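I have placed the structure first, in the form of structure tokens, so that the comments after it can refer back to it.
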Amino acid sequence: MLELQVNLLRNHDNLVECTLNNIYCPNRWLLFRKIRDWDTELFSHSLRVAAYSRFLVQELFNEDEETESIVTAGAFFHDIGKTTWPNKFSHKELTERDREIVRCHPTTGTYIVEELWPNVPIEILTIIQEHHERPNGQGYPTGKKLTNPLSLIVSASDIFAALTEPRRYRKVVYNAEAAAQELVRQGYSTKVAEVLEKEYESIIV
């Protein structure tokens, strides 16, 4: 069994166990390793996005277990398409040519998960496909206005986590309040932004 030595939460140090227990996939260890082995920072980011998404599900869906399972899986695997990138993409400032490849990773991720997870729930594939779409229609890969509530949860969690994480290619790290304000500016609900800001202190970034 894969040994996961990750301590991301002060008050929720069962994050990894909770994430695993909510993913009912026969090849989950292979998928976990695929992310971890490509880049440990991506692995940690995926865990944070899963944690934030679980907080939102518990707040917005009254702890519905089936919804929590779907969102946890979609959140953790949202960036698995990045594992097809050259490794240098994990730490360099991207050129426009690079970004053409980047914009394909949501779709690539759905193919990877679908191949390794027979009968994967369509809701999980939808989350992965849509996690870079935005409520204001300024995302990718299609640029449509994001309305799916589960995809909105993961999309918001991904943005919030990314903004508040230090990145080797970016000088600015947002505090929780500024990240929440950015979510609202991009069209996410004030409620979603408030929950994420509130839970920020629970997570070690």
Side-chain angles (χ1 to χ4, degrees), residues 2 4 6 8 16 19-20 22-54 69-135 137-163 165 167-170 186:
L2 177 63
L4 300 176
V6 182
L8 295 174
V16 174
T19 302
L20 287 171
N22 277 281
I23 298 177
Y24 304 106
C25 169
N27 288 316
R28 62 181 181 173
W29 296 113
L30 180 59
L31 289 163
F32 264 57
R33 288 191 186 98
K34 193 172 185 67
I35 297 171
R36 185 203 60 178
D37 293 348
W38 188 77
D39 184 57
T40 55
E41 289 185 10
L42 178 62
F43 184 80
S44 296
H45 169 73
S46 299
L47 285 170
R48 293 184 185 104
V49 174
Y52 283 128
S53 297
R54 288 182 64 248
S69 175
I70 288 169
V71 169
T72 299
F76 184 78
F77 296 131
H78 75 284
D79 269 343
I80 197 168
K82 291 183 177 181
T83 62
T84 63
W85 294 355
N87 288 94
K88 65 181 181 180
F89 276 25
S90 67
H91 56 78
K92 73 185 289 280
E93 186 171 351
L94 300 177
T95 65
E96 186 54 39
R97 179 167 173 261
D98 296 336
R99 293 184 187 281
E100 292 179 7
I101 299 173
V102 166
R103 293 187 185 101
C104 295
H105 83 269
T107 302
T108 304
T110 64
Y111 287 130
I112 292 172
V113 172
E114 196 169 21
E115 181 177 1
L116 296 175
W117 187 347
N119 302 315
V120 57
I122 187 63
E123 294 90 347
I124 293 173
L125 297 178
T126 300
I127 288 170
I128 296 170
Q129 177 68 39
E130 294 184 339
H131 77 273
H132 270 293
E133 304 289 0
R134 299 291 181 256
Q138 295 181 8
Y140 66 83
T142 70
K144 68 180 181 180
K145 290 188 176 182
L146 184 60
T147 59
N148 182 307
L150 304 188
S151 298
L152 280 164
I153 283 176
V154 175
S155 176
S157 298
D158 182 32
I159 293 172
F160 188 86
L163 289 176
E165 292 168 359
R167 298 292 173 94
R168 284 172 283 184
Y169 55 82
R170 187 185 66 203
Q186 293 191 27

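Values in this document were obtained by computation on a predicted structure and should not be read as measured data.
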Which is it for Arg103 and His132 under the side chain to side chain contact (heavy atoms under 4.5 Å, CB included) test, yes or no, and what are the steps along the way?
CA-CA 9 Å; Arg103 293 187 185 101; His132 270 293; over 6 Å; no
Which residues pass the side chain to side chain contact (heavy atoms under 4.5 Å, CB included) test with Lys145, sequence neighbours left out?
none
Residues in side chain to side chain contact (heavy atoms under 4.5 Å, CB included) contact with Glu41, at least two apart in sequence or another chain
Asp39, Arg168
Quick one: pull up CZ in Phe76 and CD1 in Ile128 and give me the separation to the nearest 0.5 Å.
11.0 Å
Which residues pass the salt bridge (charged side-chain N to carboxylate O under 4.0 Å, His left out) test with Glu100, not counting sequence neighbours?
none
Looking at Ser151, is its backbone amide N or carbonyl O close enough to the side chain of Asn148 to form a donor-acceptor pair, meaning the two atoms are under 3.5 Å apart?
yes
Tell me, please, which residues at least two apart from Arg99 pass salt bridge (charged side-chain N to carboxylate O under 4.0 Å, His left out).
none
Taken to the nearest 0.5 Å, the spacing of Arg48 CZ from Glu165 CD works out to 4.5 Å
Applying side-chain contact (heavy atoms from CB on, under 4.5 Å) between Ser53 and each of Leu150, Asp158, Val71, Thr72, report the one that passes.
Val71
Checking side-chain hydrogen bond (donor to acceptor under 3.5 Å, both in side chains) against Ser155, which of Arg134, Gln186, His131 comes through?
Arg134
As a quick check of understanding, evaluate side chain to side chain contact (heavy atoms under 4.5 Å, CB included) for Ile112 and Thr84, giving each step before the final call.
CA-CA 10 Å; Ile112 292 172; Thr84 63; 3.8 Å; yes
Enumerate the salt bridge (charged side-chain N to carboxylate O under 4.0 Å, His left out) contacts for residues 146-156, please, sequence neighbours excluded, ordered by first and then second residue.
none
Those residues at least two apart in sequence (or on a different chain) that pass side chain to side chain contact (heavy atoms under 4.5 Å, CB included) with Thr147 are none
Which residues share a ring-ring contact (aromatic ring centres under 6.0 Å, His included) with Tyr111, sequence neighbours left out:
none
Partner set under ring-ring contact (aromatic ring centres under 6.0 Å, His included) for Trp85, not counting sequence neighbours:
Phe89, His105
Could you list the residues that satisfy side chain to side chain contact (heavy atoms under 4.5 Å, CB included) with Glu115, not counting sequence neighbours?
none
By salt bridge (charged side-chain N to carboxylate O under 4.0 Å, His left out) - contacts of Glu133 (at least two apart):
none
Lys34: which residues meet the salt bridge (charged side-chain N to carboxylate O under 4.0 Å, His left out) condition with it, sequence neighbours left out?
none
Show me the side-chain donor-acceptor pairs of residues 116-127 shorter than 3.5 Å, one per line, residues at least two apart or across chains.
from   : atom 1 : to     : atom 2 : distance (Å)
Thr126 : OG1    : Ile122 : O      : 3.0

Nearest 0.5 Å, what's the NZ-CG distance between Lys82 and Leu42?
6.0 Å
